[in-house]
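Since the structure comes first, as structure tokens, the remarks are kept for the end.
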Amino acid sequence: MQLSQPANILRFRKALLDWFETVRRPLPWRTERTVYRTVVSELMCQQTQIDTALPYFERWMRRFPGFEALAAADPDTVLKHWEGLGYYSRARNLQRLAQAIVAEGDHPKSAKDWQKLPGIGPYTAAAIASIHHAEPIAVVDGNVIRVCARLTADERSFKNGTEAGKQLGPIAQSLLNPEQTGAHNEAMMELGALVCRKANPGCLLCPVRDFCEAESNGNAAELPRLQRAKATEESVERVWVEAEGSILLQRIAAKGSQLQGLYELPMPRELGLSAKGKILAKEKRGIGNRRITESIRYRQADSADLKVAEADSSLVWADAEKLKQLPLSGPHRKWIQKHSAAAAGLNPK
DNA sequence: AATCCGGGGCC
DNA sequence: GGCCCAGGATT
């Protein structure tokens with residue numbers, strides 16, 4: 001059936017919503033719907049799979065139950081509750097957003113106004129406004145891009161997701177059900193997540209397969225076509241400096257850095273620390289298209305280390321208790337845990 | 001328009 | 001090992 005015809009668009013909307021009602025996952029921000037819970041869930045789910053965000057969401061709600069509690073919280077505690085989720089600017093933006101809403105005494109009511117708040121872009125603004133204010137605006141995320149590219153059998157090669165969204169957004173907007181704005185948007189994303197998956201799309205079980213040109217062409221799994229940049233390789237030196245059961249950590253202070261406020265093993269070249277010591281481990285992490293190998297050298301603190309640490313306020317000594325409290329980047333917490341036994345073995349106790 | 005930002009899941 | 005995920009901010 002041609003989706004260009006109005007009568008078929010109405011059929012599409014009904015088939016999608018009927019399906020959604022039967023498979024809709026009882027996610028915690030759906031079963032108890034408040035603006036605050038929606039905002040938190042949307043920020044947490046940006047570039048993050050639902051199942052990964054779920055335990056963070058529950059913890060977050062226990063600790064920061066509403067905009068007021070979040071606005072008044074200690075920023076390090078906020079960051080600590082985001083530890084391991086990545087994209088840490090989301091946590092800072094979420095607190096700034098809460099502070100703005102508390103200061104204003106109310107929250108925005110339109111997508112346009114929501115988008116003025118930190119951390120809220122076109123996608124998130126549309127999601128909140130369609131769910132809570134019945135605004136007829138389509139969300140365009142990775143799921144929706146994939147669904148629309150397949151529905152229309154769009155075989156163009158897009159430079160990136162932004163470019164694809166610009167081209168396919170109007171399709172999503174034309175499909176939007178103006179009487180069920182929130183449910184329709186959620187249904188489109190649910191379809192992409194559960195059926196119209198990137199790999200192994202479940203076309204045989206798809207509620208809107210009759211409307212899908214790619215399915216009739218038999219190439220749904222190949223769409224959309226997105227160009228990708230090649231990965232680059234980098235290496236970074238780290239030092240694991242111990243003194244009396246404490247480890248030296250570096251607080252990332254750079255205001256522009258998205259890692260601002262997080263703690264990591266120090267980068268000696270940045271801090272005037274020596275890079276001496278035996279290599280304890282080489283670990284890898286991926287950030288975007290970068291593949292970074294981090295060489296971690298271990299040593300007992302010498303007098304020069306103590307002097308540098310004393311003079312540089314971004315360096316802190318953390319004992320076991322402090323280590324638990326500080327917000328660390330996910331990989332560094334994991335690596336410190338992983339190698340602490342080996343590091344202890346190097347101590348001449 | 002291009003680049004940067006994290007970490008995990010999946011094939 | 002490459003790709004993607006309920007993207008946004010910055011340059």
Return no unless some side-chain N or O of [X] is found under 4.0 Å from OP1 or OP2 of [N].
| X | N | value |
| --- | --- | --- |
| A:Q47 | C:dC5 | no |
| A:R285 | B:dG7 | yes |
| A:K284 | C:dG1 | no |
| A:R146 | C:dC5 | yes |
| A:K334 | B:dG8 | yes |
| A:Y88 | B:dG7 | yes |

**Request:** Name the orientation class of the two ring planes belonging to A:H133 and A:W114 (parallel below 30°, tilted from 30 to 60°, perpendicular beyond 60°).
**Result:** parallel
**Request:** From the options A:Y56, A:F57, A:F64, select the one residue that forms a ring-ring contact (aromatic ring centres under 6.0 Å, His included) with A:H81.
**Result:** A:F64
With heavy atoms under 4.0 Å as the rule, sort [X] into base, sugar-phosphate or nothing.
| X | answer |
| --- | --- |
| A:S329 | sugar-phosphate |
| A:R333 | nothing |
| A:I128 | nothing |
| A:T162 | nothing |

**Message:** Distance criterion of 3.5 Å, no angle test: do you see the side chain of A:T48 paired donor-to-acceptor with the base of B:dG6?
**Reply:** yes
**Asked** Any donor-acceptor pair under 3.5 Å between the side chain of A:Y123 and the base of C:dG7?
**Response** no
**Upstream residue (5' side of DNA chain B) when A:D51 and A:I287 are each assigned their closest nucleotide** = A:I287
**Message:** Which is more 5' along DNA chain B, the nucleotide nearest A:N200 or the one nearest A:G86? Just name the residue.
**Reply:** A:G86
**Request:** Considering only atom P, compute the distance from C:dG8 to B:dG8 and round it to an integer number of Å.
**Result:** 22 Å
**Request:** For C:dA6 versus B:dT3, give the span between their P atoms, rounded off to a whole number of Å.
**Result:** 25 Å
**Message:** Closest-nucleotide mapping onto DNA chain C: is A:R96 or A:W29 further toward the 5' terminus? I mean the 5' end.
**Reply:** A:W29
**Message:** Please compare A:A231 and A:E190 by the position of their nearest nucleotide in DNA chain C and report the one closer to 5'.
**Reply:** A:A231
Which nucleotide in the set [options] lies at the smallest distance from any side-chain heavy atom of [X]?
| X | options | answer |
| --- | --- | --- |
| A:T124 | B:dG7, C:dG7, C:dA6 | C:dG7 |
| A:M189 | B:dG7, C:dC3, C:dA6 | C:dA6 |
| A:T52 | C:dA6, C:dC3, B:dG9 | B:dG9 |
| A:R291 | C:dG1, C:dG7, B:dG8 | C:dG1 |
| A:K159 | C:dA6, C:dA9, B:dA2 | B:dA2 |
| A:Q46 | C:dA9, C:dA6, C:dG7 | C:dG7 |

**Check ion pair A:K322-A:D319 (N to O, under 4.0 angstrom)** = no
**Asked** Side chain of A:S130, backbone of A:A127: donor and acceptor closer than 3.5 Å?
**Response** yes
**Item:** Donor-acceptor pair, side chain of A:R90 and main chain of A:G86, under 3.5 angstrom
**Value:** yes
**Request:** Measure the spacing between CG of A:L97 and CG of A:L43 and express it to the nearest 0.5 Å.
**Result:** 7.0 Å
